[in-house]
Visitor: 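Mind having a look at this structure? Questions to follow.
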2 protein chains.
Amino acid sequence: MPFGQHGIFCPELTRVSARTSGMPSTFFPAGAEIYAQGDTKGGLYQVEFGAVRIYRLLADGRRQISAFHLAGEIFGLQDGSTHHFFAEAICATAIRVMRTTSLDGDLAGELLPVALRSLVRAQEHLLVLGRQNAIERVAAFLIDICDRQGGLRQIELPMSRADIGDYLGLSIETVSRVFSRLRQKGVIRLPSLRSVEIVKPQALEDLVA
Amino acid sequence: MPFGQHGIFCPELTRVSARTSGMPSTFFPAGAEIYAQGDTKGGLYQVEFGAVRIYRLLADGRRQISAFHLAGEIFGLQDGSTHHFFAEAICATAIRVMRTTSLDGDLAGELLPVALRSLVRAQEHLLVLGRQNAIERVAAFLIDICDRQGGLRQIELPMSRADIGDYLGLSIETVSRVFSRLRQKGVIRLPSLRSVEIVKPQALEDLVA
DNA sequence: CGGCAATTTGAAGGCGCTCAAAAGTAGTGG
DNA sequence: CCACTACTTTTGAGCGCCTTCAAATTGCCG
């Protein structure tokens with residue numbers, strides 16, 4: 001099976017996406033692997049709906065999520081012939097696949113901007129992980145997700161606290177404590193476990209300095 | 001002046017590099033700025049000799065070095081029209097410049113591998129900053145520099161402890177303490193301040209897991 | 001309603017940071 | 001050659017933030 005053992009081909013989505021790009025879509029339930037470290041499947045992926053986590057593991061199980069990808073975003077670029085990371089669906093997710101063969105053609109010029117955006121993102125994330133404390137990291141995360149969801153004050157988080165912790169280099173407990181602290185300060189509200197309302201955007205901005 | 005206020009044009013180097021690429025070189029003394037955050041100078045840079053640090057600053061002065069670039073390596077790729085980072089010469093350094101105009105032509109296809117290598121590097125660095133402790137970070141750093149200097153056991157560090165700290169997300173003191181600890185364990189020797197001899201490579205490898 | 005997983009909250013400890021001072025290094029000029 | 005200065009690096013002591021371990025609570029789905 002081309003796109004991970006849990007990948008389920010979805011004819012309806014195929015037809016939908018075919019109208020826009022001519023490429024088929026694949027559906028992944030929550031937790032399904034899209035590709036693994038060492039996989040040789042080349043290609044580029046676009047999130048149609050849902051969310052994806054890109055991560056790496058240490059031998060003892062420590063995990064670092066290097067990026068989340070939301071609807072519309074492109075991922076899967078690789079250096080060399082094999083993937084260096086894992087990609088998993090965070091929730092029910094549809095992925096549009098662009099074949100490697102087409103990359104050699106006209107798309108080559110469009111690939112560079114994608115790579116550069118990812119690079120800038122990763123480098124900015126380095127600043128967060130290297131030089132910011134827990135509350136600053138969470139603030140940066142919320143601002144980032146907010147912007148990528150259209151800038152509305154109401155945020156829907158597809159990922160768990162564990163995912164957020166592994167993205168921000170924090171423990172689950174610390175993430176939870178920071179959320180509580182921001183709530184107590186009146187900076188955010190938590191209408192439900194996976195949604196956040198930003199009450200004082202400026203307070204968040206001030207935290208990331 | 002095209003490449004930072006401290007850039008010194010060096011005719012002799014120009015002639016040398018012209019033989020290989022037809023592009024001129026610029027010399028930068030230690031600490032000289034190559035480009036700054038917000039600069040609109042496009043273009044690609046190659047280190048001829050010396051070393052470069054790429055970094056970002058927080059409002060209160062905290063600094064995160066996202067990458068070091070040694071002789072032969074290419075840097076300066078940017079998303080959009082302005083640089084998002086600072087680039088400085090760490091020591092006496094010569095930089096070969098490739099003009100933006102030439103990038104639009106034949107080089108476009110060669111740019112993608114450069115961007116992808118940087119991306120993979122940054123993402124691997126995220127794992128170090130997010131999920132590894134002090135001794136593991138230093139071990140990863142030494143292995144990386146060692147590989148990039150040809151894999152010899154003797155390493156020459158162009159950068160200060162402060163630079164290493166700002167690259168690894170550690171304080172100067174912690175970097176120094178870890179070096180001492182590795183020396184006491186017999187893993188490395190420190191023939192001088194800026195050189196490291198790796199006595200037990202396997203011990204270092206084991207640390208990064 | 002019951003069971004399981006995710007999240008929250010609490011308590012204690014450790015790793016790395018800050019502050020401080022000593023030791024080492026390099027450059028300069030007498 | 002040596003004295004002097006300025007800077008980097010090393011080492012020490014104490015503290016604080018985050019982690020770990022543990023338990024309570026909440027939310028979800030059958």
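A, B, ... follow the sequence lines: proteins, then strands. Residue 1 opens every chain.
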Visitor: Take A:R131 and A:S180, find for each the nucleotide of DNA chain C with the closest heavy atom, and name the residue whose nucleotide sits nearer the 5' end.
Guide: A:S180
Visitor: Over 60° means perpendicular and under 30° means parallel, so classify the ring planes of B:Y35 and B:Y45, tilted if in between.
Guide: tilted
Visitor: Please check: side-chain N/O of A:R117 versus main-chain N/O of B:D79, any donor-acceptor pairing under 3.5 Å?
Guide: no
Visitor: By the 4.0 Å heavy-atom rule, please label A:S171 as base, sugar-phosphate, or nothing.
Guide: base
Visitor: Looking at A:R137, does any N or O in its side chain come under 4.0 Å of the phosphate oxygens OP1/OP2 on D:dC17?
Guide: no
Visitor: Have a look at A:G169 and say if it touches a base, only the backbone sugar-phosphate, or nothing, with a 4.0 Å heavy-atom cut-off.
Guide: sugar-phosphate
Visitor: As an exercise, state the distance from CG of A:L44 to CD1 of A:I74, rounded to the nearest 0.5 Å.
Guide: 5.5 Å
Visitor: To the side chain of B:N133, which of C:dT7, D:dT9, C:dG16 is closest?
Guide: C:dG16
Visitor: Between P on C:dT7 and CG on A:D163, what's the gap in Å once rounded to a whole number?
Guide: 9 Å
Visitor: Rounded to the nearest Å, what distance is computed from the CZ atom of residue B:R181 to the P atom of nucleotide D:dT9?
Guide: 19 Å
Visitor: Using heavy-atom distances to pick each residue's nearest nucleotide on DNA chain D, tell me which of A:E173 and A:I135 is more 5'.
Guide: A:I135
Visitor: Any side-chain N or O of B:S176 under 4.0 Å from OP1/OP2 of D:dT11?
Guide: no
Visitor: Between B:D166 (CG) and C:dG16 (P), how many Å, whole number?
Guide: 17 Å
Visitor: Below the 4.0 Å mark, does D:dT8 have OP1 or OP2 next to a side-chain nitrogen or oxygen of B:R194?
Guide: no
Visitor: Mind calculating the distance between CG (A:L157) and P (C:dA6) to the nearest angstrom?
Guide: 16 Å
Visitor: Within 45° of the ring axis of B:F68 and under 6.0 Å from its six-membered ring centre, is that where the NZ or CZ of B:R148 lies?
Guide: no
Visitor: Calculate the interatomic distance between B:I172 atom CD1 and C:dG24 atom C1'; express it in whole Å.
Guide: 15 Å
Visitor: Return whichever of A:L193 or A:Q132 has its heavy-atom-nearest nucleotide of DNA chain D closer to the 5' end.
Guide: A:Q132
Visitor: For the pair made of CZ in B:R161 and P in D:dC7, what is the distance, rounded to whole Å?
Guide: 19 Å
Visitor: Would you say a side-chain N or O of B:T174 is under 4.0 Å from OP1 or OP2 of C:dC17?
Guide: yes
Visitor: In whole angstrom, what separates A:R62's CZ from D:dT19's C1'?
Guide: 13 Å
Visitor: Below 4.0 angstrom from OP1 or OP2 of C:dT9, is there any side-chain N or O of A:R183?
Guide: yes
Visitor: Distance from B:L127 atom CG to A:H84 atom NE2, nearest 0.5 Å?
Guide: 14.0 Å
Visitor: Could you give the CG-to-P distance, from B:L168 to C:dC17, as a whole number of Å?
Guide: 10 Å
Visitor: A:R177 side chain N/O closer than 4.0 Å to the phosphate oxygens (OP1, OP2) of C:dG10?
Guide: no
